[in-house]
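Here the structure is laid out as structure tokens; the discussion comes afterwards.
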Amino acid sequence: MAGLQPVKGTYDLLPKERALHRHVSETARSICERYGFNEVITPIFEFSEVFSRTLGETSDVVTKEMFSFVTKGDDQITLRPEGTAGICRSFISNGLQQETPVKHFYYGPMFRYERPQKGRQRQFHQVGIELIGVDSPQADIEVVAAGYHFLKELGFADVVTLELNSLGDSESRNAYREKLVAYLSPFEDRLSEDSKKRLVTNPLRILDSKDEGDREIVKDAPLLGECLNETSQAFYDEVKRGLDMLGVPYVENPRLVRGLDYYCHTAFEFTTNTLGAQGTVLAGGRYDGLIKMMGGPQVPGVGWASGVERLALMLGEDKVKLPRPIMVIPAANDHQDEAFLVANRLRQEGYIVEQGYSGNFKKRLNKANKLNAFVAIIVGMSECNEGEVMFRDLNTGDQVQVSVDGLPALIERAKG
RNA sequence: GCGAUUGUAGCUCAGUUGGUUAGAGCACCGGUUUGUGGUACCGGGGGUCGUGGGUUCAAGUCCCAUCAGUCGCCCCA
């Protein structure tokens with residue numbers, strides 16, 4: 001036990017920051033619902049194969065970032081590093097091919113064993129959507145549009161760039177892979193250590209290497225676009241036409257490659273330069289072979305995931321305010337019970353009500369300010385009749401006597 | 001896994017070439033004559049100076065190690 005501190009890369013979300021996160025995830029949920037995606041929750045851990053088989057045995061996520069453990073029953077378990085694999089497992093487990101198209105929205109914690117830094121922690125949160133069972137570009141267009149709409153709703157339309165590419169179908173990708181390896185092999189000695197390995201395991205990933213030397217070599221490499229067969233090219237063109245039609249701005253990035261193995265055709269990434277080293281804020285693509293690869297039926301899918309922490313960082317702390325309460329204050333300590341009853345009554349009516357727990361009148365009003373209360377209700381003033389209380393608007397300082405029954409009307413007016 | 005940088009109160013920090021019982025602001029709690037707020041004044045709690053060694057008559061200050069945070073590389077949301 002490493003003392004009273006959170007485990008590396010984890011942290012506590014206190015009310016203020018949690019409100020910010022909730023704003024992000026609720027915005028996502030509400031926008032995605034407009035596109036017909038409804039929320040599901042899948043377990044935060046799965047059998048390890050769910051991830052290791054699907055994400056690619058050589059991917060970084062699988063080789064060094066999985067949080068795994070063995071249960072008492074000798075099951076190999078992994079805390080989910082991303083959402084898609086679990087959704088697809090759930091699709092198969094629940095026999096949802098009967099109900100396609102399936103449109104799921106999700107929100108929840110993800111886990112990756114990485115060095116924490118700005119916009120990156122070991123337990124973080126993602127929102128995401130998956131559209132399963134539609135093989136036409138309509139699905140890709142709708143999914144990307146929903147992502148754009150979500151970011152726009154948060155106010156990021158101008159600080160975010162949609163980068164788009166097509167990885168083509170497997171025929172196109174295999175053809176390209178050969179061509180790329182043929183081009184790169186003569187330069188093998190000059191490639192970075194990582195890229196030398198990638199030449200064998202996953203040459204496409206060399207394309208977006210940030211190593212200076214690699215970039216120099218890759219600059220003149222053949223592009224994936226040149227190898228797209230007719231179907232793949234037509235698919236890509238249709239996606240672009242749809243985005244143009246809906247007014248979703250994008251730039252093509254022929255070197256964009258997704259880190260996970262299951263993607264094909266559409267690959268996209270919304271990036272920003274406002275977050276330091278972590279530029280990607282929402283990313284996804286099409287994964288037609290994934291469900292079959294997991295042992296399910298041949299059903300296509302497309303989706304994205306977005307990092308809640310990163311978006312919350314972009315929003316800034318003061319963007320979301322906690323709700324303002326009503327403060328009920330006893331004029332003197334022997335009116336404590338009466339005050340409690342008034343508070344109780346207002347809570348039944350649906351209002352957010354706080355009580356000061358100690359201190360004299362003055363202290364409690366002070367407390368009301370600290371809680372950002374907009375109304376104080378003072379119980380037990382000598383000038384009040386039976387069943388009456390003092391209503392004080394804390395914005396204006398105006399104060400009137402009123403029956404308890406008359407409170408809601410005054411509260412509504414004070415809300416402004 | 002690698003690199004850079006930081007570590008004194010809940011938070012932001014001060015602490016002089018090593019020298020008594022380690023300070024400030026903010027925050028928190030209480031008070032300033034019976035019952036009216038964001039101010040002002042008074043008082044209070046809270047720190048084994050990240051941890052462990054070492055040098056020294058003397059270490060928050062110097063040396064070593066270790067742990068943790070932050071940022072970056074790799075990779076990703």
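Reminder, nothing fancy here: chain letters follow the sequence lines and each chain counts from 1. Model, not experiment: these values are computed from the prediction.
- One interatomic measurement links the two molecules: NZ of Lys367(A) to C1' of U36(B), which rounds to 18 Å at whole-angstrom precision.
- Within 6.0 Å of the CZ atom in Phe47(A), the count of heavy atoms belonging to other residues, nucleotides or ligands does not exceed 12.
- No engagement by Glu82(A) is indicated, since no non-hydrogen atom pair under 4.0 Å with the nucleic acid exists.
- Within the nucleic acid shown, Leu394(A) comes within 4.0 Å of at least one base atom, counting heavy atoms only.
- With respect to the salt-bridge test (charged N to carboxylate O, under 4.0 angstrom), the residues Arg122(A) and Glu114(A) do not qualify.
- Remark: Tyr236(A) engages Glu252(A) in a side chain to side chain donor-acceptor pair (under 3.5 Å) (not counting sequence neighbours).
- Evaluation of atom-type donor-acceptor distances gives no pair under 3.5 Å for the side chain of Gln117(A) against the base of G69(B).
- Distance, Tyr106(A) OH to A77(B) C1': 9 Å, rounded to whole Å.
- When distances are taken from the side chain of Arg115(A) to each of U70(B), G38(B), U36(B), the shortest belongs to U70(B).
- Note on residues 25-35 of chain A: pairs passing salt bridge (Lys or Arg N to Asp or Glu O under 4.0 Å), not counting sequence neighbours, are Glu26(A)-Arg29(A), Arg29(A)-Glu33(A).
- Minimum atom distance to the side chain of Glu383(A) is reached by G35(B), of the listed G31(B), A77(B), G35(B).
- Close to G38(B), at under 4.0 Å from its OP1 or OP2, lies no side-chain N or O of Lys370(A).
- The neighbour count for Phe124(A) CZ, taken as heavy atoms of other residues, nucleotides or ligands under 6.0 Å away, is above 12.
- Separating the C1' atom of G18(B) from that of C63(B) is a span of 13 Å, rounded to the nearest Å.
- Counting atom types as modelled, Asn369(A) pairs a side-chain N or O with a base atom of G37(B) as donor and acceptor under 3.5 Å.
- The separation of U32(B) from U39(B), taken at their C1' atoms, amounts to 14 Å, rounded to a whole angstrom.
- Here Gly380(A) lies out of heavy-atom contact (under 4.0 Å) with every strand.
- Nucleotides G31(B) and G37(B) place their P atoms 15 Å apart, quoted to the nearest Å.
- With sequence neighbours excluded, the residues that form a salt bridge (Lys or Arg N to Asp or Glu O under 4.0 Å) with Glu46(A) are Arg89(A).
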Base-pair map of RNA chain B as dot-bracket, where | denotes pairing with a different strand and pairs are Watson-Crick or G-U under 3.5 Å: (((((((..((((.....[...)))).(((((.......))))).....(((((..]....))))))))))))....

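- Taking the side chain of Ser382(A) as heavy atoms from C-beta on, and the options C71(B), G35(B), G30(B), the nearest nucleotide is G35(B).
- Between U16(B) and G23(B), the two P atoms lie 14 Å apart (nearest whole Å).
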For nucleotides 45-47 of chain B, print each protein N/O atom paired with a nucleotide N/O atom at under 3.5 Å, atom names and distance only.
none

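- Residues forming a salt bridge (Lys or Arg N to Asp or Glu O under 4.0 Å) with Asp288(A) (at least two apart in sequence, or on another chain): Arg286(A).
- Minimum atom distance to the side chain of Gln121(A) is reached by A77(B), of the listed G31(B), A77(B), C71(B).
- Nucleotides U8(B) and C13(B) place their C1' atoms 9 Å apart, quoted to the nearest Å.
- For Arg310(A), taking side-chain heavy atoms from C-beta onward, the closest of the listed nucleotides C71(B), U36(B), A77(B) is A77(B).
- Distance check on atom C1': C49(B) versus C41(B) gives 32 Å, rounded to whole Å.
- Which of A77(B), G30(B), U36(B) sits closest to the side chain of Met390(A) comes down to U36(B).
- Across the C1' atoms, U56(B) and G10(B) are found 35 Å apart, a figure rounded to whole Å.
- Taking atom C1' in both G54(B) and G46(B), the straight-line distance is 32 Å, to the nearest Å.
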In a table with atom names and distances, give each donor-acceptor pair under 3.5 Å that connects a side chain of residues 403-416 of chain A to protein atoms at least two apart or in another chain.
residue   : atom : partner   : partner atom : Å
Ser403(A) : OG   : Gly406(A) : N            : 3.2
Asp405(A) : OD1  : Arg345(A) : NH2          : 2.3
Glu412(A) : OE2  : Tyr351(A) : OH           : 2.7

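- Residues meeting the side chain to side chain donor-acceptor pair (under 3.5 Å) test with Asp244(A), sequence neighbours left out: Tyr250(A).
- Rounding to whole angstrom units, CG of residue Leu275(A) and P of C71(B) are separated by 11 Å.
- Rounded to an integer number of Å, the gap from Arg80(A) CZ to A77(B) P is 15 Å.
- A side-chain donor-acceptor contact under 3.5 Å links Thr84(A) and Glu130(A).
- With hydrogens and angles ignored, a donor-acceptor pair closer than 3.5 Å exists between the side chain of Arg392(A) and the base of G37(B).
- Put simply, the side chain of Arg364(A) and the base of U36(B) share no donor and acceptor less than 3.5 Å apart.
- Applying the salt bridge (Lys or Arg N to Asp or Glu O under 4.0 Å) rule to Glu142(A) yields the partners Lys103(A); only residues at least two apart in sequence or on another chain are considered.
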